[in-house]
Amino acid sequence: MIPALMPTYNRADLAFERGDGAWLYAQDGRRFLDFGAGIATSSLGHGHPQLVAAIAEQAARVMHVSNLYRVPQAERLAARLVAASFADSVFFCNSGAEANEGMVKMIRKTMAETGRAERHRIICFDGAFHGRTLAMLAATGNAKYLAGFGPVVEGFDHVPFNNMNALRDAIGPATAGIIVEPVQGEGGVRPADLQFLRELRAACDEFGLLLGMDEIQCGMGRTGKLFAHEWAGITPDVMSLAKGIGGGFPMGAILAREAVARHLTPGTHGTTFGGNPLACAAGNAVLDVLLAPGFLAGVDRRGRALWQALEAVVRDYPTVFTGLRGAGLMLGLVCRPPQAEVQQALLAEGLLAVNAGENVVRLVPPLIVTDADCASAVAMIRAAAARCAEIAKVAAPGLAAQ
Ligand SMILES: *Cc1c(COP(=O)(O)O)cnc(C)c1O
């Protein structure tokens with residue numbers, strides 16, 4: 001019989017009843033170090049006092065009023081995001097896919113309103129992940145996710161990631177823009193080359209296209225800068241955010257330059273829940289922490305230290321790991337055995353991680369993770385690697401001897 005909760009996920013048989021910082025406590029009393037952070041979402045970890053207080057206080061005052069009225073919490077959050085970014089204006093919504101849908105609508109609308117209505121197509125990249133709505137399935141372009149869901153929404157072209165020649169070849173008279181993840185998350189924690197990002201910006205300027213960035217996973221401090229594109233020294237025209245923006249409270253946002261945002265006039269786009277007082281109270285509390293002096297520098301420092309420690313683990317266990325990739329606190333261990341086996345071993349050590357494409361184990365801890373937490377994680381990964389290496393030795397003696 002089908003479970004009452006629709007079985008769209010292969011869930012681990014674990015239920016958490018409480019969390020504290022980077023740690024989660026299961027109903028059966030076991031505790032786990034959370035290097036998955038609810039898929040790069042619980043940016044302040046669990047039970048963060050500032051976030052908890054902000055949500056509780058706002059919930060007691062007023063949670064939702066609709067966008068028929070002014071929402072001071074949303075005005076404040078938007079102004080702060082504008083001040084901290086390339087953007088001139090912000091639209092709030094409730095999820096990543098919804099933010100990306102809005103981003104595509106903004107790109108198309110801008111073209112339509114500036115006499116270029118024939119330009120409606122968006123170039124996306126192999127290995128991308130943009131969400132599960134019908135249009136975002138098309139933007140993602142993964143055959144496995146598209147199967148069975150009917151005609152693919154028109155208007156998305158795919159080219160290899162980090163390949164400028166292929167990108168230039170794909171630009172045609174109907175191209176409106178490009179959407180790129182500065183660090184692909186689901187696709188396997190694959191960072192874009194910084195030079196590639198700069199050349200994307202240059203190509204958009206050359207051909208009059210709009211550059212959209214999906215920073216739903218890599219944005220909001222995850223790479224050690226507030227937004228990942230800052231590492232390349234360039235700015236997009238429009239950007240989507242979600243995941244970490246609410247610290248676990250469901251929220252998405254679209255940040256845009258005025259030249260794009262001004263085409264979204266009253267009645268052209270909307271959402272009932274988007275930017276309600278409760279969500280924006282959470283967003284403001286997250287931003288308070290992220291923008292506090294030294295916080296992002298700490299993320300950067302811990303990310304680099306974690307990288308160094310993991311590089312040594314990868315070097316010591318070549319039969320288990322073949323590489324390390326990522327940026328900041330968004331790291332991927334490329335596995336030799338099926339990543340599910342490695343994750344099983346990590347779980348046995350008490351570490352939660354997330355899978356990603358290309359047989360990668362994704363490590364995306366809360367940004368408030370401590371040095372001691374990172375040291376614990378590395379010890380657990382080392383122990384899990386030793387466990388997997390033993391198994392690999394038995395399964396493939398030749399490989400283990402390499
Ligand atoms: C998670 C994710 C999405 C989809 O976000 P949802 O909130 O699940 O709709 C889109 N793009 C990227 C890069 C993501 O990581």
Side-chain angles (χ1 to χ4, degrees), residues 40-41 67 71 73-114 120 122 124 128-136 138-140 153 155-156 176-182 185 204 209-222 226-230 234-246 249-276 279-280 282-284 286-287:
T41 293
N67 288 307
V71 179
Q73 298 82 358
E75 290 171 4
R76 174 160 179 259
L77 182 56
R80 298 175 78 193
L81 289 170
V82 163
S85 73
F86 69 94
D88 300 308
S89 198
V90 182
F91 179 89
F92 292 116
C93 54
N94 310 284
S95 72
E98 191 189 0
N100 279 339
E101 289 270 342
M103 180 157 69
V104 170
K105 285 178 73 176
M106 284 187 193
I107 291 172
R108 287 189 178 180
K109 188 81 166 164
T110 301
M111 291 295 156
E113 305 248 306
T114 54
H120 67 279
I122 310 283
C124 301
F129 182 79
H130 297 302
R132 299 285 196 158
T133 58
L134 287 169
M136 286 312 111
T140 295
V153 172
F156 299 93
I178 298 168
I179 292 183
V180 64
E181 294 160 78
C204 284
L209 311 178
L210 293 171
L211 181 58
M213 291 207 180
D214 179 342
E215 293 225 16
I216 287 166
Q217 187 159 161
C218 62
M220 295 313 285
R222 178 125 315 261
L226 191 56
F227 304 114
H229 65 258
E230 293 172 27
I234 52 136
T235 55
D237 299 296
V238 54
M239 173 173 73
S240 55
L241 299 173
K243 292 203 164 84
I245 193 174
F249 196 92
M251 184 173 210
I254 312 164
L255 278 63
R257 287 186 204 279
E258 183 169 9
V260 173
R262 69 190 170 89
H263 302 295
L264 274 280
T265 50
T268 56
H269 191 53
T271 175
T272 298
F273 292 121
N276 82 10
C280 291
N284 275 307
V286 169
L287 212 49

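Just so it is clear, the model here is predicted, and its values are computed rather than measured.
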Out of curiosity, I245 CD1 to I216 CD1, how far, rounded to the nearest 0.5 Å?
10.0 Å
Do K109 and V260 have side chains that approach each other closer than 4.5 Å (heavy atoms only, starting at C-beta)?
no
N/O donor-acceptor pair under 3.5 Å between R257 side chain and P236 backbone:
yes
Closest non-hydrogen contact found for H269 with L264 is CB-CD1, 3.2 Å
Any residue meeting ring pair (Phe, Tyr, Trp, His ring centres under 6.0 Å) with F249, in chain and number order, not counting sequence neighbours:
none
Treating R132 as the side-chain partner and A97 as the backbone partner, does any N or O pair qualify as donor plus acceptor under 3.5 Å?
no
Shortest non-hydrogen pair, T268 vs K105, comes out as O-NZ, 3.9 Å
Side chain proximity check, L255 to F86, heavy atoms < 4.5 angstrom
yes
Search all heavy atoms of E181 against all heavy atoms of A128 and return the closest pair with its distance.
OE2-CA, 3.2 Å
N67 to G274 - nearest heavy-atom pair and separation:
ND2-O, 3.1 Å
Ignoring hydrogens and angles, tell me if any N or O in the side chain of D237 forms a donor-acceptor pair with the backbone of L211 under 3.5 Å.
yes
Side chains of V238 and I254, heavy atoms from C-beta outward: is any pair under 4.5 Å?
yes
Checking N284 side chain against Q73 main chain: does a donor-acceptor pair fall under 3.5 Å?
yes
A side-chain contact here means heavy atoms from C-beta on lying under 4.5 Å apart; do T114 and H263 qualify?
yes
Go through D88 and R262 one step at a time and tell me if the side chain to side chain contact (heavy atoms under 4.5 Å, CB included) criterion holds.
CA-CA 10 Å; D88 300 308; R262 69 190 170 89; over 6 Å; no
Rounded distance [0.5 Å steps], SG in C218 versus NZ in K243
10.0 Å
Straight-line distance of S85 OG to M239 CE, nearest 0.5 Å
5.5 Å
What closest approach, in Å, do H120 and R108 show between heavy atoms, and which atom pair accounts for it?
O-NE, 3.1 Å
Between I107 and I179, is there a side-chain heavy-atom distance shorter than 4.5 Å?
yes
Quick one: are V90 and V82 in side-chain contact, heavy atoms under 4.5 Å?
yes
Over 12 foreign heavy atoms within 6.0 Å of CZ, F273
no
What I'd like to find out is whether the side chain of M213 reaches to under 4.5 Å of the side chain of F227, using heavy atoms alone.
no
Roughly how far, to the nearest 0.5 Å, is the CE atom of M220 from the CG atom of L81?
6.0 Å
Side-chain (E215) to main-chain (H229) donor-acceptor, under 3.5 angstrom
yes
Is there a side chain to side chain contact (heavy atoms under 4.5 Å, CB included) between V71 and F92? Walk through the geometry before answering.
CA-CA 11 Å; V71 179; F92 292 116; over 6 Å; no
Indicate yes or no: at least one non-hydrogen side-chain atom of M251 is less than 4.5 angstrom from one of V286.
no
Starting from the C-alpha separation in whole Å, work towards a yes-or-no answer on side chain to side chain contact (heavy atoms under 4.5 Å, CB included) for C204 and I178.
CA-CA 8 Å; C204 284; I178 298 168; 3.6 Å; yes
For A256 and M106, work out which heavy atoms get closest and say how close.
CB-SD, 4.1 Å
